[in-house]
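Presented below is the structure to which this report refers.
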Amino acid sequence: MTASRLEEFRLAWLNLRQLTLDLGSMPLTGLSIVFYLLVMVTLTSYQSAVSYYNNYTLLCFGSTGCLLLSQLALIHIFDTAHRLKDVLSTSFYEPLASKSWRGLPADLLTEHQQFLHTISTNPAAVTFMGMISIKRPTYLSIMAAIATYLIVLFQLRMSDEDLPTKATTNSTESSLDSLCGSKTSK
């Protein structure tokens, strides 16, 4: 292997890294698909729980099926991006770092060290528009945020059910009467 060949590999690494970064900055296609799937997961989770609570069995099964499909699509997207990052890192870095390069000419050894430095300082990562790195822990963080949001929604729903409906309508009527200045009841 020559120094020029190693330099070509180093430039190929930088191009490949740029491709993985640009993968998520397609004209918002990837971002919009993931956002849509996240909204679907949130809404179908809520709908499944409410349907189960209200004994709407068919609606519960349908929304749970939609929820599972959305979850599987999200898991596939995040897992594929994570595996791509791992494959790129291990396929390039480990073979170069594991070989003994002691008997090489100085220019080839220098280029080899630059290549290893380039790989370690510029890791491959799939991102959305250069802002969010797509990997398995990101998926788990997003699912934790959705779970927190759903808990708040359920708590609001429970607090709405605890309020008496008659007192609410009476207070609304009395406040409307006081605004209008007349009473509807005699």
Side-chain angles (χ1 to χ4, degrees), residues 13-93 119-176 179:
W13 169 261
L14 290 173
N15 286 335
L16 188 59
R17 179 183 179 274
Q18 189 60 42
L19 272 174
T20 59
L21 289 176
D22 290 343
L23 184 66
S25 62
M26 294 180 283
L28 297 179
T29 304
L31 187 60
S32 61
I33 288 172
V34 169
F35 181 71
Y36 171 76
L37 288 171
L38 291 173
V39 168
M40 288 297 297
V41 165
T42 305
L43 294 178
T44 56
S45 297
Y46 185 72
Q47 184 179 11
S48 295
V50 169
S51 299
Y52 179 75
Y53 178 73
N54 292 328
N55 293 326
Y56 297 135
T57 309
L58 189 59
L59 185 59
C60 181
F61 283 130
S63 55
T64 304
C66 185
L67 170 67
L68 290 176
L69 287 175
S70 300
Q71 283 282 11
L72 288 174
L74 278 172
I75 289 170
H76 177 70
I77 289 170
F78 281 85
D79 187 55
T80 302
H82 189 86
R83 281 187 287 127
L84 176 66
K85 180 192 83 70
D86 287 346
V87 165
L88 286 176
S89 297
T90 57
S91 295
F92 275 91
Y93 189 78
I119 291 173
S120 62
T121 57
N122 298 308
V126 180
T127 63
F128 280 131
M129 302 178 74
M131 295 182 284
I132 302 170
S133 181
I134 305 171
K135 49 190 173 190
R136 289 182 195 123
T138 307
Y139 170 77
L140 294 175
S141 298
I142 291 172
M143 288 301 113
I146 288 175
T148 303
Y149 179 70
L150 287 171
I151 289 170
V152 169
L153 279 178
F154 291 132
Q155 288 175 343
L156 288 174
R157 180 180 166 87
M158 285 183 201
S159 69
D160 282 349
E161 290 175 355
D162 292 342
L163 295 175
T165 56
K166 194 170 192 177
T168 307
T169 55
N170 288 341
S171 65
T172 306
E173 288 175 3
S174 63
S175 63
L176 285 176
L179 283 176

Requested in this report: Would you mind listing every side-chain hydrogen bond (donor to acceptor under 3.5 Å, both in side chains) that reaches into residues 65-77, with sequence neighbours excluded?
Outcome: Gln71-Tyr139
Query - Qualifying ring pair (Phe, Tyr, Trp, His ring centres under 6.0 Å) pairs with a residue from residues 41-63, counting only residues at least two apart or across chains - result: Tyr46-Phe154
Query raised in the report: Donor-acceptor pair, Thr80 side chain versus Ile77 backbone, under 3.5 Å?
Result: no
**Report entry** For the student: nearest non-hydrogen atoms of Leu37 and Ala73, plus distance
**Finding:** CD1-CB, 3.8 Å
Report task. Any chance you could lay out the side-chain contact (heavy atoms from CB on, under 4.5 Å) test for Lys135 and Leu140, step after step, and finish with the verdict? Result -> CA-CA 9 Å; Lys135 49 190 173 190; Leu140 294 175; over 6 Å; no
**Report entry** pair Leu153-Arg157: side-chain heavy atoms closer than 4.5 Å
**Finding:** no
Report task. Look only at the side chain of Ser51 and the backbone of Ser48, and say whether a donor-acceptor pair between them is shorter than 3.5 Å. Result -> no
Report summary line: Taken to the nearest 0.5 Å, the spacing of Ser141 OG from Arg136 CZ works out to 14.0 Å
Query - Inter-residue atom distance Leu38.CG - Leu43.CG, 0.5 Å rounding - result: 11.0 Å
Query - Partners meeting ring-ring contact (aromatic ring centres under 6.0 Å, His included) with Tyr36 (sequence neighbours left out) - result: none
Query - Interatomic distance, Leu72 atom CG to Asp79 atom CG [nearest 0.5 angstrom] - result: 11.5 Å
Requested in this report: Count the heavy atoms of every other residue, nucleotide or ligand shown that sit under 6.0 Å from CG of Leu156, and state whether that count exceeds 12.
Outcome: yes
Query raised in the report: Is there side-chain contact between Val41 and Leu67, with at least one heavy-atom pair below 4.5 Å?
Result: yes
